[in-house]
Amino acid sequence: METLLYFFKLIWRVKWWLIVLPLIVGSILVFSAKGKNGGYTVYSTVFTGIEGGFSLEEGANKKIQQNNMIDLFDAKSTLRRVSYHLFARVMVFGDPKKDNNICNASSYREIYNRMKFHKDLLKIVTRYRNEKDENGLFEELTKYEKPNKDNFVYGLFNYYHPQYSFEALQKIIVNHLEKSDIVEISYTNSDPGIAYNTLDILIDEFNHEYQDVRYGETNKVITFYKDLLDSSGKELRDAEDEMTAYREDNRIINYVEESKALAGLDATYKNKYLEANIDYGTSKGLVSEIEEKLGDYIIRYKKNKRFITLFEESNKLSAKISSLEAFDVSEMLATDSLENIKAKKESKYLAIKSYKERLAKVDEELHDAITQINSKYTTKEGFSKATLIDAWLNNLLKLRGAEASKSAIERSMISVDSLYGHFAPIGSGLDRRNRDISIKADTYKKAIDGYNEAMNRKKGLEMTAATIKVLSPPSFPLNSINIDRKKLGIMASFMTFFALLGIFVIIELIDHTLRDKMRTERLTKENVLFAFPDFANKKNRAYNNECQEIAIKHLSAQILQFLNKRSSNGSYIIGISSLEKQEGKTYISELLIEYWKQVGLKAKHVNWNVDYQIQSQEYLLANSIADLTTIDMDIILVEFPAAGDYPIPSALLQECNVNLVVARSTRAWKQKDTNLLSQLKVSGNGVPIQLILNEVDKSETELFTGMLPPYTRYGKFKYKLSNLGLTESGVNSYDPIQNEENNQTTNA
């Protein structure tokens with residue numbers, strides 16, 4: 001509540017500033033706007049078709065599309081082109097002598113006079129003006145522009161100009177009418193030609209920017225995916241062709257199955273080789289055992305020519321059969337045609353069959369040869385060994401067959417090993433090529449998807465863009481906007497009022513002038529005992545004495561409540577001082593002494609400038625007020641010098657019942673004052689220190705005394721308002737004299 005009251009007092013104190021200055025400002029604006037117009041406004045509407053249109057883009061946010069389209073109107077890139085086109089049009093078709101539909105003559109002269117100092121630009125403008133080529137000048141301006149503060153074209157758009165700058169063109173208003181596909185565009189300028197041509201150029205530039213934004217990026221994406229599709233397709237075909245050639249070169253159809261077949265073949269020949277070794281060892285052991293048993297008897301068979309011939313032929317046939325039956329690597333890596341391979345296999349089969357038939361005959365002849373040899377030796381011994389001879393021959397043939405089989409299998413195993421050397425690198429080569437083909441195929445698929453998506457998006461954009469249509473193109477304005485001078489003046493007055501109020505509030509918060517009770521207590525952190533009024537006001541000088549008497553009476557009442565102990569000489573001692581000179585402590589002291597004498601008290605004013613010397617040993621080393629005065633009084637008011645100039649002995653301060661510090665309300669409270677006040681409190685050692693604020697406004701004194709004379713209606717209203725007594729009632733409630741007369745009348 002105290003803060004609210006303080007705020008109202010602030011407003012009351014600066015009321016004339018808050019009333020007069022806003023009225024002056026408002027009046028000036030009202031009279032200065034007389035005969036002036038508020039500019040020319042041009043309108044245009046565009047139908048977008050986004051809200052009610054159809055789009056191929058699923059989930060497309062039409063609200064975002066609409067906002068993007070509206071933002072494109074006032075995008076900096078669009079307004080930059082509008083600015084340069086407008087400047088080019090004015091320079092080419094404007095007239096410095098008379099107004100036309102392009103601009104007023106004054107607008108042309110203004111911008112021309114700015115531009116003519118740039119000689120290089122002036123030559124360009126002159127050439128295209130003679131050629132009447134607006135677009136050519138626009139292209140030259142875009143080339144001429146450089147991001148330099150001295151570049152005229154760059155500064156024209158980026159500095160402030162009421163017609164060509166970015167800040168001025170941002171005043172173009174673009175509104176989307178709710179629940180419709182219509183966008184309304186308006187622009188106001190003091191030059192009707194500039195307003196009309198700005199909006200006309202804006203719509204053209206919007207179409208240009210819209211096409212570039214909507215289709216430019218999409219076409220670039222389509223071109224990118226088309227190029228990617230062609231390059232990735234070619235790479236994929238090349239990789240597949242390389243794989244085919246690689247398979248043909250290495251005679252690979254199904255690498256996995258062929259590898260399995262090779263592994264199975266290797267295991268088969270290892271088993272056959274093991275069996276051949278077993279047969280070979282078994283036959284060799286039996287042959288050796290039988291030959292050992294037969295001894296020299298066997299020699300006759302080995303020397304028989306027919307036996308030897310047949311046996312060698314049998315070995316040759318067995319070797320050939322084993323050789324033909326053995327695996328040949330050329331069978332898996334055949335490079336001939338299928339017909340040749342088939343013919344070779346049939347020929348091999350017939351040869352093996354023929355050799356086996358011949359071998360069977362040769363073996364049969366061998367047995368006949370053995371029988372004939374045995375018949376020549378028809379002895380008892382010969383008959384007994386015939387069975388061994390047959391066993392020897394059979395095992396000998398098996399031994400020769402096992403040797404041939406073993407030799408053939410070894411050759412086959414060597415062929416299989418060579419196949420391993422052939423197939424091993426092919427696997428990693430196939431994996432690399434398959435992986436490369438897979439990557440290229442994935443890239444190709446993504447390129448197809450991206451290309452299709454971009455094409456669909458383009459179709460959707462085409463369907464949307466096809467609905468954009470200018471419903472009402474801008475038209476040249478004929479009538480200007482009338483300025484509402486009354487409204488302008490009221491707004492200016494209100495703005496001035498609140499600006500002033502804000503300034504005064506800021507000053508109030510940062511100002512360190514003491515001025516009133518609330519601010520003094522906030523700055524000093526000490527209690528204000530009383531606020532003594534300033535009687536220099538000539539307006540109510542006739543009431544000064546009366547106000548002074550009331551103020552002194554209330555001040556005395558405030559002081560006397562601290563008189564609770566007498567000094568050694570039986571007097572109440574009151575100390576009064578100040579922190580600076582000329583604070584008014586002598587004046588207040590004399591008024592207090594005079595008032596106390598009037599009420600019958602023996603009071604003495606001990607003045608530092610009259611009754612004692614402040615630079616004497618007597619004062620500086622005084623332990624009691626009795627050292628300065630010997631008069632026995634009821635009240636001794638000791639006036640000390642300013643604490644900022646001379647020291648005050650602690651013993652004197654501590655002997656007082658209360659120490660009063662007088663401060664003028666018109667001075668600022670400084671850090672020095674805070675330090676001095678703290679020193680007085682320390683020196684007083686618990687003796688109360690009370691501030692007396694001097695030369696205050698009468699309303700501040702009324703906080704302590706109540707309403708002061710004169711008791712006029714305005715004074716009563718002001719007093720009630722200052723105390724927020726808005727609904728207070730009572731006849732002459734603030735006139736003590738009238739109240740006393742009323743009481744006497746009532747008693748009579």
Side-chain angles (χ1 to χ4, degrees), residues 5-6 8-10 12-13 15-16 513-521 527-561 574 576 578 582-601 603 605 635 637 639 660-667 690-725 728 730-743:
L5 182 61
Y6 190 77
F8 279 119
K9 286 185 177 181
L10 168 65
W12 184 265
R13 188 170 64 253
K15 58 183 178 297
W16 296 117
T513 303
L514 294 176
R515 202 187 65 234
D516 52 51
K517 175 181 181 294
M518 184 175 178
R519 187 191 285 185
T520 302
E521 290 180 344
N527 180 57
V528 174
L529 181 67
F530 195 77
F532 207 77
D534 181 13
F535 295 110
N537 187 0
K538 297 180 180 180
K539 181 178 179 181
N540 296 312
R541 179 173 293 179
Y543 300 94
N544 284 351
N545 291 334
E546 186 178 351
C547 291
Q548 181 175 285
E549 291 176 1
I550 296 173
I552 286 296
K553 181 180 68 173
H554 283 82
L555 175 59
S556 172
Q558 294 288 335
I559 295 174
L560 292 178
Q561 65 180 339
I574 301 171
I576 185 168
S578 63
Q582 305 299 322
E583 297 281 13
K585 57 182 180 294
T586 302
Y587 171 68
I588 294 175
S589 298
E590 290 175 351
L591 290 176
L592 284 170
I593 294 298
E594 183 180 352
Y595 173 75
W596 286 332
K597 288 180 178 180
Q598 288 178 2
V599 297
L601 295 174
H605 176 206
I635 299 175
L637 182 61
E639 181 183 346
L660 305 176
V661 178
V662 181
R664 280 182 296 107
S665 65
T666 55
R667 77 176 186 90
Q690 298 293 313
L691 296 179
I692 297 177
L693 196 59
N694 192 20
E695 297 182 8
V696 299
D697 185 78
K698 190 175 70 170
S699 62
E700 287 297 316
T701 304
E702 288 177 339
L703 295 176
F704 299 90
T705 64
M707 183 178 176
L708 295 174
Y711 303 108
T712 62
R713 291 184 180 275
Y714 173 72
K716 295 175 183 179
F717 171 76
K718 179 181 175 182
Y719 180 75
K720 289 168 64 177
L721 186 64
S722 65
N723 289 275
L724 298 181
E728 183 179 3
V731 181
N732 298 328
S733 57
Y734 304 106
D735 189 343
I737 299 175
Q738 184 67 36
N739 287 344
E740 184 177 355
E741 293 177 356
N742 292 339
N743 292 335

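Considering only residues two or more places apart in sequence or on other chains, Asn527 meets the side-chain contact (heavy atoms from CB on, under 4.5 Å) condition with Glu521, Gln690. For Gln561, the side-chain contact (heavy atoms from CB on, under 4.5 Å) criterion is met by Leu529, Gln558, not counting sequence neighbours. Applying the side-chain hydrogen bond (donor to acceptor under 3.5 Å, both in side chains) test to Ser578 and every residue at least two apart in sequence or in another chain returns Lys585. Evaluation of the side-chain hydrogen bond (donor to acceptor under 3.5 Å, both in side chains) rule for Ser665 yields no partner, not counting sequence neighbours. The salt bridge (charged side-chain N to carboxylate O under 4.0 Å, His left out) search around Glu639 returns none, not counting sequence neighbours. Remark: Arg667 engages Glu580, Glu583, Asp673 in a salt bridge (charged side-chain N to carboxylate O under 4.0 Å, His left out) (not counting sequence neighbours). Arg519 meets the side-chain hydrogen bond (donor to acceptor under 3.5 Å, both in side chains) test with Glu508, Asp511; sequence neighbours excluded.
When all heavy atoms are compared, the tightest approach of Cys547 to Pro709 is SG-O, 3.4 Å. Nearest heavy atom pair, residue Gly584 against residue Val662, reads C-CG1, 4.2 Å. The shortest non-hydrogen separation linking His554 to Phe704 is CD2-O, 3.7 Å. The two residues Ile559 and Leu660 make their nearest non-hydrogen contact at CD1-CD1, 3.5 Å. Contact between Thr666 and Glu695 at its shortest, heavy atoms only, is OG1-OE1, 4.1 Å.
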**Asked** Under the side-chain contact (heavy atoms from CB on, under 4.5 Å) criterion, do Glu700 and Leu693 qualify, and how do the steps go?
**Response** CA-CA 10 Å; Glu700 287 297 316; Leu693 196 59; 5.8 Å; no
side-chain contact (heavy atoms from CB on, under 4.5 Å) between Thr701 and Ile550, worked out:
CA-CA 10 Å; Thr701 304; Ile550 296 173; over 6 Å; no
Test side-chain contact (heavy atoms from CB on, under 4.5 Å) applied to Glu549 and Lys553, step by step: CA-CA 6 Å; Glu549 291 176 1; Lys553 181 180 68 173; over 6 Å; no
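Once rounded to the nearest 0.5 Å, the distance linking CG of Asp697 with CG of Asp534 reads 8.5 Å. The distance from atom CD1 of Ile692 to atom CD1 of Ile576, rounded to the nearest 0.5 Å, is 5.0 Å. Note that CD of Gln548 and CG of Leu591 are 4.5 Å apart. Values are rounded to the nearest 0.5 Å. Taking CG of Leu637 as the start and CD1 of Ile593 as the end, the distance is 5.0 Å to the nearest 0.5 Å. The distance from atom OG1 of Thr586 to atom NE2 of His605, rounded to the nearest 0.5 Å, is 5.5 Å.
Pairs passing the side-chain hydrogen bond (donor to acceptor under 3.5 Å, both in side chains) check and including a residue from residues 588-597, sequence neighbours excluded, read Ser556-Trp596.
In this structure, the side chains of Asp516 and Ser699 stay at 4.5 Å or more apart for every pair of heavy atoms. At a threshold of 4.5 Å between non-hydrogen side-chain atoms, the residues Leu555 and Ile588 count as touching.
Counted by atom type alone, Thr513 and Arg515 present zero donor-acceptor pairs between their side chains at under 3.5 Å.
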